[in-house]
There are 2 protein chains.
Amino acid sequence: MNPTPNPQRRSEKSHRAILDAAMELCVEHGYGNVTVEAIAARAGVSKKTIYRWWPTKGAVVLEAFVELAGTATRFPDTGDVVADLRTQMTAVLANILSGPRASVYAGIIAETQHDPALARELRAQLLDPRVAAARDRLRLARDHGQLAPDADVEMVVDLLYGPLYYRLLLHLGPYPPARLRAHVAHVLGSFAPAPPASAAP
Amino acid sequence: MNPTPNPQRRSEKSHRAILDAAMELCVEHGYGNVTVEAIAARAGVSKKTIYRWWPTKGAVVLEAFVELAGTATRFPDTGDVVADLRTQMTAVLANILSGPRASVYAGIIAETQHDPALARELRAQLLDPRVAAARDRLRLARDHGQLAPDADVEMVVDLLYGPLYYRLLLHLGPYPPARLRAHVAHVLGSFAPAPPASAAP
DNA sequence: AGGAAACGGCACGTGTCGTGTTGACAGTGC
DNA sequence: GCACTGTCAACACGACACGTGCCGTTTCCT
């Protein structure tokens, strides 16, 4: 079933051509209208070669996406949480959650709804590392007194990123940068440490 | 192309059987593993009959879902926004965003990523009315002084519902009821009117 | 009562999938 | 320098679901 081909003998040229062709075709025609045959044709590659290294079309496009997204979504640390989160989320919005690649990303997420293996890959390669990094950055801010000591970082991440995905996947319109600024400011402000001595339930 | 069949002559028996069969099969085998042929077979109906009244499988399942969801997602008005929102969102979570029907709903949303017509139907029949109702309820609360006068109700809705869809569609685990309570309380608390005379940017 | 129209049953052409087979080619080891 | 091993492109194939067309039958409005 799975002869596990030898990665050392893999043609890096074909590998690159396949990833490039997959991303190009998805941007041009939309994720759902791209077939494995079309990717193979554009890459000048046999369909068999694609199936040798990836289980499905979704896995191919996911790898192309991970590669693309991996570069521009790190969390800076200038000492100001609000500014740093705003910087990172602006980059995420610009590169992934809006523009021509947003619908491709949405297509991958759609595919994970009926492909558990792809869902695991999406989490393992894209989501989990970034969520962990976001939590780390928020914990750091909490330790430095920029967030309330009892702030639930998991809830913070949900509140920061949830609405972005919600609007993307439910076609509720884009998230303009100005709105993103207000969004980040409000969420983090709602977890600010109490200035003197008072608490609101 | 579209002879627009006469709704008055429609067989209500077949109509019901199709919707029931569609929902049953989706819950049993998962949205993605259900075919129009299977729905027709289970309903004791010709495939042609389904295609006469719906353009795609997604439209059939969406109608079944709208019918099911329409009953238990109204916004009560007891005077207490926090309690009312918690009540409504608990119902949404119990009936739609968790349990056996959650993955069916996720499957429909997935399909909208490459079916613009279905996306419009989803918004028109499910999302827009409920979002509008939520905004109305929040504006009422704002008028009654339970929310800050400058509270952005659109942002409130995004913060309330965004994380729920985010966790569903990205397979980040369910939203336990206790967490939902804390979530609603925090979000609405973050828009509470300032008690004496102070403002936090 | 009559006729139009929706109905169930069936068969068909299409497109995509994922696999199988073949012969050409490139890297490694003796 | 030569055989070996495994990847490569090319093509063919069966399986499956889609969406449509045609049939004779049944249902319901006028």
Side-chain angles (χ1 to χ4, degrees), chain A residues 1-22 25-26 28-62 107-108 110-118, chain B residues 1-22 25-26 28-63 107-108 110-111 113-118:
Chain A
M1 274 299 183
N2 199 3
T4 54
N6 186 348
Q8 294 193 331
R9 306 203 49 169
R10 183 173 192 175
S11 164
E12 199 49 44
K13 192 172 145 199
S14 295
H15 188 178
R16 265 258 62 78
I18 291 167
L19 293 181
D20 291 344
L25 287 169
C26 283
E28 285 175 26
H29 305 114
Y31 177 85
N33 298 320
V34 172
T35 68
V36 175
E37 303 222 359
I39 297 174
R42 167 83 59 111
V45 147
S46 160
K47 232 191 337 174
K48 189 82 180 180
T49 300
I50 294 181
Y51 282 114
R52 196 187 331 266
W53 300 104
W54 292 276
T56 63
K57 174 186 77 167
V60 179
V61 182
L62 176 60
I108 295 176
E111 196 115 313
T112 66
Q113 304 305 325
H114 52 83
D115 183 343
L118 187 64
Chain B
M1 275 295 185
N2 202 4
T4 53
N6 185 350
Q8 295 193 329
R9 305 203 48 159
R10 184 174 192 176
S11 163
E12 200 49 43
K13 192 173 142 198
S14 296
H15 189 177
R16 264 259 58 80
I18 290 168
L19 292 181
D20 292 344
L25 287 169
C26 283
E28 285 175 25
H29 304 113
Y31 177 85
N33 299 320
V34 173
T35 67
V36 176
E37 303 222 1
I39 297 173
R42 168 83 59 112
V45 149
S46 161
K47 232 188 340 174
K48 187 84 183 186
T49 301
I50 295 182
Y51 283 113
R52 198 188 329 265
W53 298 104
W54 293 277
T56 62
K57 173 186 77 168
V60 179
V61 182
L62 175 60
E63 181 173 333
I108 297 176
E111 196 115 312
Q113 303 306 324
H114 51 86
D115 184 342
L118 186 64

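What you see is a predicted model, and the numbers here were worked out from it, not measured in a lab. First the proteins, then the strands, lettered A, B, ... as listed; each starts at 1. Hydrogens, waters and symmetry mates are skipped; everything else that's a heavy atom, side chains included, is used.
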**Item:** Shortest side-chain distance from B:Thr49, nucleotide among C:dG8, C:dA6, C:dC17
**Value:** C:dG8
**Asked** Quick one: B:Glu12 CD to D:dC29 P, roughly how many Å, whole number?
**Response** 12 Å
**Complete:** Atom CD of A:Glu111 and atom P of C:dC17 are separated, to the nearest Å, by 10 Å
**Prompt:** When you measure from the side chain of A:Arg52, which nucleotide among D:dT7, D:dG21, C:dT19 comes out closest?
**Reply:** D:dT7
**Request:** Evaluate side chain to side chain contact (heavy atoms under 4.5 Å, CB included) for B:Gln113 paired with A:Gln113, printing each intermediate quantity in order.
**Result:** CA-CA 12 Å; B:Gln113 303 306 324; A:Gln113 304 305 325; over 6 Å; no
**Asked** Which whole-number value in Å describes the distance from B:Arg10 CZ to D:dC29 P?
**Response** 14 Å
**Closest to the A:Tyr51 side chain, choosing from C:dG18, C:dA6, D:dA10** = C:dG18
**Atom pair distance, as rounded to whole Å: CD1 in B:Ile18 and C1' in C:dC7** = 11 Å
**Asked** Starting at the 5' end of DNA chain D, which residue's closest nucleotide do you reach first, B:Gln8 or B:Thr56?
**Response** B:Thr56
**Complete:** Between CH2 of A:Trp54 and C1' of C:dT19 the distance, given in whole Å, is 18 Å
**Prompt:** In terms of side-chain heavy atoms of B:Trp53, which of D:dA10, D:dC18, C:dC7 is nearest?
**Reply:** C:dC7
**Request:** Rounded to the nearest angstrom, tell me the gap between atom CG in B:Asn33 and atom C1' in D:dC16.
**Result:** 13 Å
**Message:** Distance check needed: D:dA17 C1' versus B:Ile50 CD1, whole Å only.
**Reply:** 13 Å
**Asked** With respect to the side chain of B:Arg9, which nucleotide from D:dC28, D:dA9, C:dC17 is positioned closest?
**Response** D:dC28
**Prompt:** If you measure from CD1 on A:Ile39 to CG on A:Asp20, what distance do you get to the nearest 0.5 Å?
**Reply:** 11.5 Å
**Message:** Taking atom types as they are modelled, would you say the side chain of B:Lys47 forms a donor-acceptor pair with the base of C:dG9 within the 3.5 Å cutoff?
**Reply:** no
**Item:** Heavy-atom side-chain contact between A:Trp54 and A:Ile18 under 4.5 Å
**Value:** yes
**Message:** Could you tell me if A:His114 and B:Glu111 have a donor-acceptor pair between their side chains, going purely by distance under 3.5 Å?
**Reply:** no
**Message:** Taking the nucleotide of DNA chain C with the nearest heavy atom to each, does A:Lys48 or A:Val34 sit closer to the 5' end?
**Reply:** A:Val34
**Prompt:** Can you tell me how far CD of B:Glu63 sits from CD1 of B:Ile108, rounded to the nearest 0.5 angstrom?
**Reply:** 11.0 Å
**Asked** With respect to the phosphate group of C:dG8, does any side-chain polar atom (N or O) of B:Ser14 fall under 4.0 Å of OP1 or OP2?
**Response** yes
**Fill in**
Sorted by position of nearest nucleotide on DNA chain D, 5' first, the leading residue of A:His15 and B:Ser46 is A:His15
**Fill in**
Per atom distances to the B:Glu37 side chain, the nearest of D:dC8, C:dA6, D:dC18 is D:dC18
